[in-house]
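Just below is one structure, and these are the notes that go with it.
Bear in mind the structure is a predicted one, so any value in this text is a computation, not a measurement.
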Amino acid sequence: MMRGALAAVFCLAATAAAADDLVSGLSQDQIQITSSYTGTDIVVFGAIESSDAAGINTSRDVVVVVRGPGADMVVRRKVRVAGVWINRDAMTLFGMPAYYFVASTRPLKDVTAEETRERYQLGLADVEPQSVSTHTAAKAEPFRLAAIRGRARDGLYRENPAGVEFLSYSLFRVRVPVPATVPRGQYTAEVYLFHDGTVISAQSTPLYVEQVGLERQVFSFAHDRPFLYGLAAVLLAVLLGWLSSVVFRQRGT
């Protein structure tokens, strides 16, 4: 659904290009994760070319969304039984963004209508999975909201209603935090241009978060050859245990 909506926006943008032309880019299109990585910021920047320069800050709005790769999230509901909290219900949300950040020129409810926000998943309240492990939407809703709250607590879901900074009447930028806990994979940076609540232009740029160095080699080995990785881990643990026993025996004598 999301891809179809974006395709419709790009078609609309082609027809509206004569009036408003949106150009955007990233300060870097690849982030390399190493053992010393503690987080960074990237900058989404762009420009609006329009014959109506005076209306950019009044009748036009910019919304920037950075989405991480899709992930399957299992959400469990705890209940208290005889004074003990236990897991009772569980729901799997398939294809939820592993990372989500949205910034806008003003609160999203003032930018566009609820129907448009739901269509393009603009805002934390409208982040949706591709599918869920139930056919009842009402039953899945509390689990979806719980997943969003959990990601927000971890710093992986964020919303900044005043995060789009205009440097001039047409140039803008947005700082996007990329914490150390972000998942690896392909991201997309989407920039939407609104006029009186309607999307008139949009652009999407890929962003890659990759693990490099020894960590990347270990990660690839563990996923490509899990049996050998498990065997190597057991042998390494046995070797370390034996070396520890030798050292303690020598100290004891």
Side-chain angles (χ1 to χ4, degrees), residues 1-12 31 33 42 44 63-79 85-104 107-109 111-161 163 174 176-192 194 199 202-211 219 223:
M1 177 180 176
M2 189 62 200
R3 291 181 180 177
L6 278 176
V9 171
F10 296 142
C11 292
L12 177 61
I31 298 176
I33 305 296
I42 64 170
V44 180
V63 177
V64 174
V65 181
V66 178
R67 307 177 197 268
D72 298 340
M73 303 180 185
V74 179
V75 183
R76 294 179 173 86
R77 174 184 290 163
K78 291 182 177 294
V79 295
W85 290 96
I86 62 173
N87 293 324
R88 187 180 68 178
D89 300 327
M91 184 80 62
T92 302
L93 310 176
F94 300 99
M96 284 283 284
Y99 174 89
Y100 183 91
F101 174 86
V102 58
S104 51
L108 289 168
K109 63 181 180 60
V111 172
T112 187
E114 181 178 357
E115 179 183 357
T116 303
R117 298 198 303 270
E118 291 178 353
R119 183 185 308 164
Y120 302 113
Q121 297 188 22
L122 304 179
L124 296 185
D126 294 302
V127 177
E128 294 280 351
Q130 295 179 359
S131 61
V132 295
S133 58
T134 181
H135 298 292
T136 306
K139 183 178 179 181
E141 182 64 6
F143 293 89
R144 183 186 71 88
L145 296 177
I148 293 173
R149 290 193 299 269
R151 287 274 159 168
R153 284 195 302 268
D154 295 337
L156 295 175
Y157 277 19
R158 298 189 183 188
E159 183 172 336
N160 190 345
V174 175
V176 181
V178 185
T181 54
V182 294
R184 286 53 170 163
Q186 179 175 340
Y187 291 58
T188 57
E190 303 162 4
V191 182
Y192 298 87
F194 285 84
V199 180
Q203 282 197 348
S204 179
T205 305
L207 169 67
Y208 299 92
V209 178
E210 298 179 345
Q211 208 165 20
F219 179 84
H223 284 75

Problem set entry | Sub-4.5 Å side-chain heavy-atom contact between V182 and P179 | yes

Compare every heavy atom of [Y] with every heavy atom of [X], then report the nearest pair and how far apart it is.
X	Y	value
E190	S204	CG-OG, 4.0 Å
A147	L93	CB-CD1, 3.7 Å
V209	P183	CG1-O, 3.9 Å

Problem set entry | Member of R77, R76, K139 meeting the salt bridge (charged side-chain N to carboxylate O under 4.0 Å, His left out) criterion with D89 | R77

From [X] atom [atom1] to [Y] atom [atom2], the distance as rounded to the nearest 0.5 Å:
X	Y	atom1	atom2	result
E128	E118	CD	CD	7.5 Å
D72	T92	CG	OG1	7.5 Å
Y100	Q121	OH	CD	7.0 Å
T116	L108	OG1	CG	11.0 Å
R158	Y99	CZ	OH	6.5 Å
F143	T134	CZ	OG1	9.0 Å

For this session: Determine whether more than 12 heavy atoms belonging to other residues, nucleotides or ligands lie under 6.0 Å from atom CD of Q130.
Result: no

For this session: Answer yes or no: does atom CD of Q186 have more than 12 heavy-atom neighbours from other residues, nucleotides or ligands under 6.0 Å?
Result: yes

For this session: Test L122 against Y192 for side chain to side chain contact (heavy atoms under 4.5 Å, CB included), laying out the working first.
Result: CA-CA 10 Å; L122 304 179; Y192 298 87; 3.9 Å; yes

